[in-house]
J.: 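Quick one: structure below, then a few questions.
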There are 2 protein chains.
Amino acid sequence: MSLDRATMDERVPRDFETLRATILDRRESLPRRIAQIAAYALDNPDDIAFGTAASIAASAGVQPSTLIRFAQQLGFDGFTSLQQVFRERLRERNSSYDERLLALRAKAEGGAGHRAIFDGFVAAASTSLNDISRTLDETHLEDAISLLARAETIYVLAKRRSYPVATYIAYALGKLKIRNQLIESAAGLNAEMIAFATPADAVIAISFSPYAPATIEEARAISERGVPIVAITDSSFSPLAQFARVWFEVAEADFAGFRSLSATMALAMALTVGVGEKRRDSGRRRKA
Amino acid sequence: MSLDRATMDERVPRDFETLRATILDRRESLPRRIAQIAAYALDNPDDIAFGTAASIAASAGVQPSTLIRFAQQLGFDGFTSLQQVFRERLRERNSSYDERLLALRAKAEGGAGHRAIFDGFVAAASTSLNDISRTLDETHLEDAISLLARAETIYVLAKRRSYPVATYIAYALGKLKIRNQLIESAAGLNAEMIAFATPADAVIAISFSPYAPATIEEARAISERGVPIVAITDSSFSPLAQFARVWFEVAEADFAGFRSLSATMALAMALTVGVGEKRRDSGRRRKA
DNA sequence: TATGTATTGGAATTATTATTTCATATTCCC
DNA sequence: GGGAATATGAAATAATAATTCCAATACATA
């Protein structure tokens with residue numbers, strides 16, 4: 001007597017993500033037609049959720065029995081229970097994006113557990129991304145990228161909360177082989193570092209209220225040397241905005257006293273990669 | 001000779017909103033049981049989309065035949081075609097968000113301008129947040145927070161792409177007055193730093209493929225000292241997962257070769273603030 | 001190349017589910 | 001209050017759909 005599949009196999013996937021992972025995992029070892037229906041299922045999950053075994057099989061170009069074998073191979077006892085997973089997915093995802101955000105936030109504010117905290121940060125990040133996506137000024141983006149693309153060295157200036165963004169910019173610039181210098185205060189050598197900057201360079205400065213005094217001071221010093229500044233900050237009253245040649249207003253939502261960085265990150269990456277592209281293009285043009 | 005209903009009535013509702021309006025409009029004039037199922041349908045559209053005539057009728061407290069009469073009264077030729085409208089709604093609703101994302105991404109990939117690059121990063125961040133929001137394992141979160149809350153010092157270990165997250169964690173832990181130590185390689189003192197760690201401490205380690213060898217090496221060294229590790233990484237094959245007491249799988253979407261950090265950031269913040277809360281709570285309890 | 005094993009296609013079977021029917025109850029009007 | 005029209009419940013029936021089965025084929029192994 002042999003154990004049946006349900007006992008033998010690891011537990012049957014109950015949610016779509018697990019199912020997806022399982023399929024992707026076994027993809028290589030699946031027979032041809034089963035693989036065919038597997039690919040179809042991941043590509044057209046809605047069809048699986050709503051179709052009948054026959055209609056799905058027809059669309060995927062296999063026999064209904066193959067569809068059932070596929071389900072069984074995954075540990076389900078038939079097509080119907082496989083379908084449940086696809087339906088559940090729709091149920092969970094069905095609420096519109098904004099509704100989901102609201103729900104998340106409500107849960108985060110009302111709820112007690114740590115999951116609620118997590119939801120709060122996700123909601124804050126989503127909101128911020130949404131906002132910046134609506135409000136970003138395209139002209140500013142173009143101006144900033146042009147300015148930065150001309151720079152010999154790009155200095156990156158940010159402290160405290162904004163510092164992670166600065167490190168990411170520095171990392172990305174490095175990968176793109178763009179000369180850059182992160183101005184950090186570890187050894188207190190910032191003043192000397194700044195003294196190297198010339199008007200042929202440029203600065204990306206990031207600071208949010210309450211503005212780190214060091215950032216402001218260094219931004220002032222460097223702008224007095226005639227080095228153009230691109231600033232990311234949170235309002236037109238920001239001292240950074242005064243020194244900047246181009247500046248972006250980014251409103252980050254906050255949760256539990258910590259503001260999201262997602263919008264700032266997205267903008268920072270767009271600037272960085274934008275500069276990378278611009279340089280490649282003009283480099284090519286110059287050669288041609 | 002009288003015209004039949006289909007000819008008499010205005011066209012049957014083809015989309016959910018029209019259907020909803022029609023029902024609301026006729027509500028007053030509907031017979032009791034039909035009104036009952038009508039109310040149920042508007043309150044539980046998902047059930048109508050997925051259920052069988054019998055199951056829906058049971059939930060709504062009517063007979064299956066009533067359900068069919070309801071459909072016919074609205075001009076459909078049976079329950080099945082009524083159900084189509086409810087299914088279509090789910091399909092569209094579900095795709096609206098994804099489509100928006102896809103559109104963003106398509107614009108980003110196809111489009112030329114720098115705005116497209118920005119959109120790409122926003123899309124990547126949104127996707128990542130979405131994913132993690134669905135897949136995060138709550139138990140892991142609780143375990144990780146408990147583990148970290150017990151630690152005397154929390155060490156934060158991450159390089160390169162993950163380094164920004166580490167700096168943000170360090171910043172947040174600092175603000176919450178939680179003792180922590182960022183393991184950075186500036187002065188090459190990492191080995192010495194690690195030597196201070198004891199099993200009473202804990203580590204948050206972050207690394208994504210391709211895993212920075214230094215991160216892996218240091219994680220191994222520190223785990224051999226018996227210091228528990230909470231890891232954030234991208235797959236169960238990650239070397240980090242092996243050393244970790246608790247680990248999270250975070251799938252970040254990428255754009256233009258740079259992966260988003262938004263999901264990792266959200267998780268990192270949840271861990272940090274979660275630890276802060278837990279400590280406050282248990283501190284209070286101990287005093288009481 | 002022969003032999004056993006795994007895979008596939010297609011029809012037969014079984015099950016589930018929608019729909020119809022009809023008897024009964026309720027409502028509304030004269 | 002009586003009768004017609006409408007509404008409802010419950011079970012019978014028809015339809016649709018899932019599953020199983022078996023023969024045919026492809027594939028791997030010796």
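Order of the sequence lines fixes the chain letters, A, B, ..., with proteins taken first and strands second; residue numbering starts at 1 for each chain. Reckoned from all heavy atoms, side chains included, excluding hydrogens, waters and symmetry mates.
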J.: Any idea which heavy atoms bring B:A38 and B:I23 closest together, and the distance?
T.: CB-CG2, 3.9 Å
J.: With the side chain of B:F79 defined as its heavy atoms from C-beta on, choose the nearest nucleotide among D:dT19, C:dT19, C:dG10.
T.: C:dT19
J.: So which atom in B:A219 and which in B:I229 form the shortest heavy-atom distance, rounded to 0.1 Å?
T.: O-CD1, 3.5 Å
J.: Can you tell me how far P of C:dA6 sits from CD of A:Q73, to the nearest Å?
T.: 12 Å
J.: Of the nucleotides C:dT7, D:dA17, D:dG9, which has the atom closest to the A:T52 side chain?
T.: D:dA17
J.: Under the criterion side chain to side chain donor-acceptor pair (under 3.5 Å), I'd like the reasoning laid out for B:K159 against B:S207: C-alpha separation, chi angles, the key distance, then a yes or no.
T.: CA-CA 7 Å; B:K159 319 270 169 189; B:S207 184; over 6 Å; no
J.: Are B:T135 and B:D131 linked by a side-chain donor-acceptor pair shorter than 3.5 Å?
T.: no
J.: Checking B:R161 against A:Y168: charged group under 6.0 Å from the ring centre and within 45 degrees of the axis?
T.: no
J.: Where the side chain of A:R69 is defined as all heavy atoms beyond and including C-beta, which of D:dC21, C:dT17, D:dT8 is the nearest nucleotide?
T.: D:dC21
J.: Identify whether any heavy atom of B:I34 sits under 4.0 Å from a base atom; if not, whether one sits that close to sugar-phosphate; answer base, sugar-phosphate or nothing.
T.: sugar-phosphate
J.: Just the rounded figure in Å: distance from P of D:dT6 to CZ of B:F70.
T.: 20 Å
J.: So does A:Q72 get a side-chain nitrogen or oxygen closer than 4.0 Å to the phosphate oxygens (OP1/OP2) of D:dT20?
T.: yes
J.: For B:L82 and C:dT19, give me the distance from atom CG to atom C1', rounded to whole Å.
T.: 14 Å
J.: Which heavy atom of B:P213 sits nearest to which heavy atom of B:R160, and what is that distance?
T.: CD-NH2, 3.4 Å
J.: Rounded to the Å, how far apart are B:L30 CG and D:dT6 C1'?
T.: 14 Å
J.: Could you tell me the separation between the CG atom of B:L67 and the C1' atom of D:dA10, rounded to a whole number of Å?
T.: 16 Å
J.: Looking only at side chains, do B:T18 and B:D15 share a donor and an acceptor under 3.5 Å apart?
T.: yes
J.: Nearest to the B:I68 side chain among D:dA10, D:dT19, C:dT20, which nucleotide is it?
T.: C:dT20
J.: Do the side chain of B:T66 and the base of D:dG9 come within less than 3.5 angstrom through a donor-acceptor pair of N or O atoms?
T.: no
J.: Would you indicate, yes or no, if D:dT19 has its OP1 or OP2 atom less than 4.0 angstrom from a side-chain nitrogen or oxygen of A:T80?
T.: yes
J.: Listing time: all N or O pairs from protein to nucleotides 24-29 of chain C that are below 3.5 Å?
T.:
none

J.: B:A53 side chain: which of C:dA18, D:dT20, D:dT8 is closest?
T.: C:dA18
J.: Between A:Q63 and C:dA11, does any side-chain N or O lie under 4.0 Å from OP1 or OP2?
T.: no
J.: A:F76 CZ to D:dT20 C1': how many Å, rounded?
T.: 20 Å
